[in-house]
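Below: the structure, in structure tokens.
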2 protein chains.
Amino acid sequence: MQDRVAQRRALLLVAALEAFGTRGFHAVTVREICAGAGLTERYFYESFKSLEALFSALYLQLNGQLKQATLAALIAANANSSASDSSSRIDVLAGAALRVLLEFIRDDPRRARVMLIDAISISHDVQQISGQITREYMELTRRFIDQLFPDAASRGVDLDLIASGLLGSNIHIATHWVREGLKTPFDVVLCNCLAIYQALGAYWPKLAASTMPDKPTPAA
Amino acid sequence: MQDRVAQRRALLLVAALEAFGTRGFHAVTVREICAGAGLTERYFYESFKSLEALFSALYLQLNGQLKQATLAALIAANANSSASDSSSRIDVLAGAALRVLLEFIRDDPRRARVMLIDAISISHDVQQISGQITREYMELTRRFIDQLFPDAASRGVDLDLIASGLLGSNIHIATHWVREGLKTPFDVVLCNCLAIYQALGAYWPKLAASTMPDKPTPAA
DNA sequence: CGTGTTTGACAATGCACGTTGTCAATCTAA
DNA sequence: TTAGATTGACAACGTGCATTGTCAAACACG
């Protein structure tokens, strides 16, 4: 009965989120997962080839949820602000995406451990997946910037790097937030994440205008 | 002879950088470390209680080097630019610190794996250390901002969060850089890292002036 | 020289885990 | 009811590793 198999698989994923999300990937064993899911080892191998495979499945599941929510929010936000200036479109679009991300983490901080911390340090296979997903988010950010400031591809400015930096700032702020027990109010976190986008948005025209002046290069 | 012990310890640290920095902490065994160092297991336990202890020692060593170089560069840069406006002091100070960081990574990318990737996902003990060090860098960044823009502690702006974000952008850009084989030119990476600081610096006065307006809050 | 310490190679132990297998209990369907 | 599939508890095997121990060679120094 394939229904039953899928249900067990789902149970395993729930147990995986609990185990990986609280103790971290490398502190978890197959037996623990099975105990958490109320199943025996046999049913683990029924659905997953290894712990890594389970982790990958969980990671992909979480990312699917987040991506779907993000895209939905972006579409909704875009509809509401089609005729605004660049500055307030940043507020609306980046704000909507950031809100979804932070809610996703706040609603279940175990996700942060899985998606933001462990995913990048496990085996090569998982790093491959995480790298791919990171690139997707970078691409989203890059297009976002590119659309708002078509003149941004000026000399010396690398949109991929800026996008990577923005992504990194979100990731780091979110993990730091979780690590401190979410004690900083949600809106404060959101505002300050957004402030970095806003600052870059405000600064961008200047960047595009100037030729990115050489900095003093004291003794390489 | 205590000289000999210290020398073996140093050999182990060299081997640790190679092993941890290329294959990652969890893919490394005591035996591999010993083989890499040309020593036998006994001398491992002579200097370290466990692989984790070795990793911690390596991590602290690398951070000591980086911190020392960073502070030296900041002092030197500060001396050269004591009488400039805020904007160019950002260029000089943040540029100097960023240059040191990126050189540190470029000169030996294995350090990135140890310091930026693995350190945050290993056992609780190591995470404690890494959290402490992260806080140090955040504190440095925070003071840096605070000094340049004393009016920055305005309503809704959390300097810790901004500092965390800046740190995260540097970390993410650096790891991304390494992951792509350092193919992006050094100066481009530096400029774009710096651009985020510059953007925030330019944006800060506006932030402090306005009351951090409420963003539209579409369906929390 | 020769004694005691340091070194190097490696065997031995023990543990934790992944993985597969056994077997009886339970459920399903005719 | 009964044959066959499904389930659950758990034993069994093999592996890989950390950690400790053995022993002989090399060395340091009186």
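Note: hydrogens, waters and symmetry copies are ignored here, and every other heavy atom, side chains too, is used. In what follows, chains carry the letters A, B, and so on, assigned in the order in which the sequence lines appear, proteins first and then strands, with residues in each chain numbered from 1.
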Bend angle of the helix from C:dC1-D:dG30 to C:dA30-D:dT1, from helix axes over five pairs at each end, nearest 10°: 0°
Cation-pi geometry met for A:R111 and A:F104 (6.0 Å, 45°): yes
Nearest-angstrom distance from the residue atom CG of A:L39 to P of D:dT6: 16 Å
Residue A:D3 excluded, over 12 heavy atoms near CG under 6.0 Å: no
Side-chain donor or acceptor of A:H172 paired with backbone N/O of B:G165 under 3.5 Å: no
Nucleotide C:dA16, atom C1' - distance to CD1 of A:I33 in whole Å: 17 Å
A:R4 CZ to C:dC27 P, straight-line distance once rounded to whole Å: 11 Å
Note: B:E136-B:K67 ion pair, threshold 4.0 Å (strictly below): yes
Between P of D:dC10 and OH of A:Y43, the distance in whole Å: 15 Å
Any B:N192 side-chain heavy atom under 4.5 Å of B:V188 side chain: yes
Under-4.0 Å salt bridge between B:R9 and B:E46: no
Geometric class of the A:F55/A:Y59 ring pair [parallel <30°, tilted 30-60°, perpendicular >60°]: parallel
d(CG, A:L11; C1', D:dG8) in whole Å: 14 Å
No-hydrogen, no-angle side-chain donor-acceptor test under 3.5 Å, B:S169 and A:S169: no
Interatomic distance, A:H26 NE2 vs C:dA16 P [rounded to whole Å]: 19 Å
Value in whole Å for how far the C1' atom of D:dA5 lies from CG of A:D3: 16 Å
Contact state string [nucleotides 14-30 of chain D, B base, S sugar-phosphate only, - no protein heavy atom under 4.0 Å]: ---BBBB-B--------
